[in-house]
Amino acid sequence: MRGSDRPLAEVYDVAVLDLDGVIYIGRHPVPGAADALAKARAEGMRLAFATNNASRTPSATAALITEVGVPAAAEDVVTSAQAAARVLAERLPAGSKVLVVGGTGLRHALRAVGLRPVSTAAERPAAVVQGFAPGLSYELMAEGGRAVAAGALFVASNADRTIPSPGGPPRPGNGAMVQVIRTATGVDPIVTGKPELPLHRETILRTGARQPLIVGDRLDTDIEGANNGGADSLLVLTGVTDARALLAAPPHERPTYVADDLAGLLVPHPEVRRADGSYHCGGWTVGPGFSVEGSGDRVDALRALCVAAWESGDAATAQEAWDRLS
C-alpha cells in the first residue's frame with residue numbers, strides 16, 4: 001500500500017470504476033458517490049465504467065449510471081461482453097456464428113464486431129459465449145453444452161461466483177452458471193471479465209488511458225484485475241469487502257490505496273512509515289503486538305494495520321486489533 005501527497009484525481013488521468021458496490025447497490029446510489037465523481041471530473045479526471053455484467057448494453061448501463069446521479073454516455077462504459085466479443089473476433093472469421101447463452105448485452109457486442117449471434121447448436125456455431133442474464137433457461141444452457149461438446153470455442157464473459165443482492169445474501173453469478181456447461185463437457189472457458197486481462201485491455205484501448213486508476217469494492221475481481229494488468233488501484237469499503245477481509249488479503253489482491261468511499265479520489269493518502277518497530281499513518285500508530293493508538297481518520301489506522309499484517313503474515317491478530325478499534 002502506497003501513499004500519495006496529492007489527491008488521486010490529480011495523479012491519474014482516468015478512473016476505471018466498478019459499478020455495483022461502488023456507484024450504486026442494486027438501483028440505489030451509494031451515498032456521496034455522485035458528488036465525489038463530479039468533483040473528480042472537475043479536477044480533470046476522466047471517468048470510465050467497467051463492469052462484469054454482460055446482460056446490459058453499454059447504453060442501458062449508462063442510463064442506469066445516469067439515473068443514480070452520475071452523468072454517463074454509452075462510450076464511457078466498457079463491459080465484459082465487449083471484451084468477450086473482441087476475444088472472439090480475434091479468433092474467428094468475420095460473420096461467424098456464435099451461440100449466445102446470455103442476454104442482449106452479448107448479442108449487441110457480437111454484432112458490433114461483425115459476428116452473428118445464434119441460439120441453437122443445430123446452426124453449427126463456431127463458438128459459444130456465456131454471460132449472466134436473469135431468467136437464463138436450462139434449454140439455452142443445454143444448447144450451449146451441445147455446441148461446446150461438438151467442438152465450439154467456449155468463452156465466458158466473467159466467472160463471478162455471486163452477484164450482490166440488496167437486502168439479502170448474494171445470488172449465484174455467471175461463474176456458478178458456467179459450471180453447468182463446464183461440468184457437462186469437461187471444457188474450461190476462456191474468461192474475459194475481471195480479474196482476467198481481456199476486460200482490462202478493452203478498457204485501456206477504449207479510453208486511451210496513460211495512467212489509469214482501477215476503483216472497485218471487490219478484492220478478487222477489481223483489485224486482482226488491476227494487479228494482473230499492472231495498474232494502480234483504489235479499494236472502497238462501500239461494497240462487499242470490509243476491513244477484516246482487506247487485512248487478510250493475499251498479495252495478488254492487495255490494493256495500492258484504500259478509502260471509505262469515492263471521496264478517497266479527492267484527498268491525499270498518507271504514507272505508512274516504519275520507525276522504531278512501529279507503523280505510523282496520519283495520527284495513528286500500530287506498535288508491537290498490534291497495539292493501536294492515536295486519533296483522526298480511522299482509515300489511516302487501517303492502512304497502518306494492513307502493512308503490519310501483510311509484512312508479518314499475522315492477519316488474525318490484526319483483525320482482532322481492528323475489531324477492538326471498531
Side-chain angles (χ1 to χ4, degrees), residues 14-30 33-34 37-38 41 46-89 98-119 129-137 140 155-160 162-166 170-175 177-178 191-194 198-200 202-203 205-207 214-218 221-222 225 238-239 262:
V14 179
V16 179
L17 297 131
D18 184 52
L19 300 177
D20 211 340
V22 176
I23 296 173
Y24 53 70
I25 297 175
R27 301 185 77 91
H28 303 286
V30 170
L37 292 179
R41 273 177 162 153
R46 290 188 290 129
L47 306 181
F49 307 94
T51 176
N52 269 359
N53 188 331
S55 65
R56 299 188 187 100
T57 65
S59 294
T61 301
L64 177 56
I65 298 168
T66 301
E67 183 181 308
V68 297
V70 182
E75 55 267 27
D76 300 324
V77 176
V78 187
T79 72
S80 61
Q82 292 172 318
R86 186 181 295 273
V87 165
L88 288 164
V98 179
L99 197 161
V100 178
V101 183
T104 304
L106 279 171
R107 292 177 174 274
H108 181 279
L110 290 172
R111 292 191 188 99
V113 297
L115 298 174
R116 181 181 167 192
V118 299
S119 300
V129 62
Q130 181 166 355
F132 178 82
L136 188 63
S137 69
L140 190 53
V155 172
S157 65
N158 68 297
D160 295 21
T162 63
I163 58 174
S165 177
R171 295 177 293 167
N174 194 56
M177 293 187 290
V178 162
V191 179
T192 62
K194 297 178 281 188
L199 181 54
H200 181 82
E202 189 74 15
T203 302
L205 288 171
R206 288 177 178 270
T207 63
I214 311 303
V215 184
D217 69 309
R218 295 185 73 119
T221 55
D222 306 312
T238 49
L262 287 174

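Numbers here are sequence positions counted from 1.
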Side-chain polar contacts of residues 68-85 - donor-acceptor pairs under 3.5 angstrom, sequence neighbours left out - could you list them?
{"from": "D76", "atom 1": "OD2", "to": "A73", "atom 2": "N", "distance (Å)": "2.8"}
{"from": "T79", "atom 1": "OG1", "to": "A81", "atom 2": "N", "distance (Å)": "3.3"}
{"from": "T79", "atom 1": "OG1", "to": "Q82", "atom 2": "N", "distance (Å)": "3.1"}
{"from": "S80", "atom 1": "OG", "to": "N52", "atom 2": "O", "distance (Å)": "2.8"}
{"from": "Q82", "atom 1": "OE1", "to": "T79", "atom 2": "N", "distance (Å)": "2.9"}

Worksheet item: Does the side chain to side chain contact (heavy atoms under 4.5 Å, CB included) test come out yes or no for D20 and I25, once each step is laid out?
Response: CA-CA 5 Å; D20 211 340; I25 297 175; 4.2 Å; yes
Worksheet item: What pair of heavy atoms forms the shortest contact from P134 to F132, and how long is it?
Response: CD-CE2, 3.8 Å
Item to complete: Could you go through the side chain to side chain contact (heavy atoms under 4.5 Å, CB included) check for L37 and L47 one step at a time?
Response: CA-CA 8 Å; L37 292 179; L47 306 181; 3.9 Å; yes
Worksheet entry | Salt-bridge contact K194-D18 (side-chain N to carboxylate O under 4.0 Å) | yes
Response to the item:
Rounded to the nearest 0.5 Å, the CD1 atom of I65 sits from the CG atom of L19 at a distance of 4.5 Å
Worksheet item: Between Q130 and N174, what is the shortest heavy-atom contact and its length?
Response: O-ND2, 3.5 Å
Item to complete: Give the minimum heavy-atom separation between L106 and V101, together with the two atoms involved.
Response: CD1-O, 4.3 Å
Response to the item:
side-chain hydrogen bond (donor to acceptor under 3.5 Å, both in side chains) pairs touching residues 107-116, sequence neighbours excluded, are R107-S119
Discussion item. Closer than 3.5 angstrom, by distance alone: can the side chain of R46 be matched with the main-chain N or O of T207 as a donor-acceptor pair?
Written reply: yes
Worksheet item: Could you give the distance from OH (Y24) to CG (L64), rounded to the nearest 0.5 Å?
Response: 4.5 Å
Discussion item. Could you tell me if the side chain of L262 sits less than 4.5 Å from the side chain of V30, heavy atoms only?
Written reply: no
Practice prompt. Apply side chain to side chain contact (heavy atoms under 4.5 Å, CB included) to I214 and V16, showing your working.
Written response: CA-CA 5 Å; I214 311 303; V16 179; 3.7 Å; yes
Worksheet item: Rounded to the nearest 0.5 Å, what separation is found between the CG atom of D217 and the CG atom of L17?
Response: 11.0 Å
Worksheet entry | Spatial distance of atom CG (L199) from atom OG1 (T221) [nearest 0.5 Å] | 10.0 Å
Worksheet item: According to the salt bridge (Lys or Arg N to Asp or Glu O under 4.0 Å) rule, which pairs have a member within residues 53-73, sequence neighbours left out?
Response: R27-E67
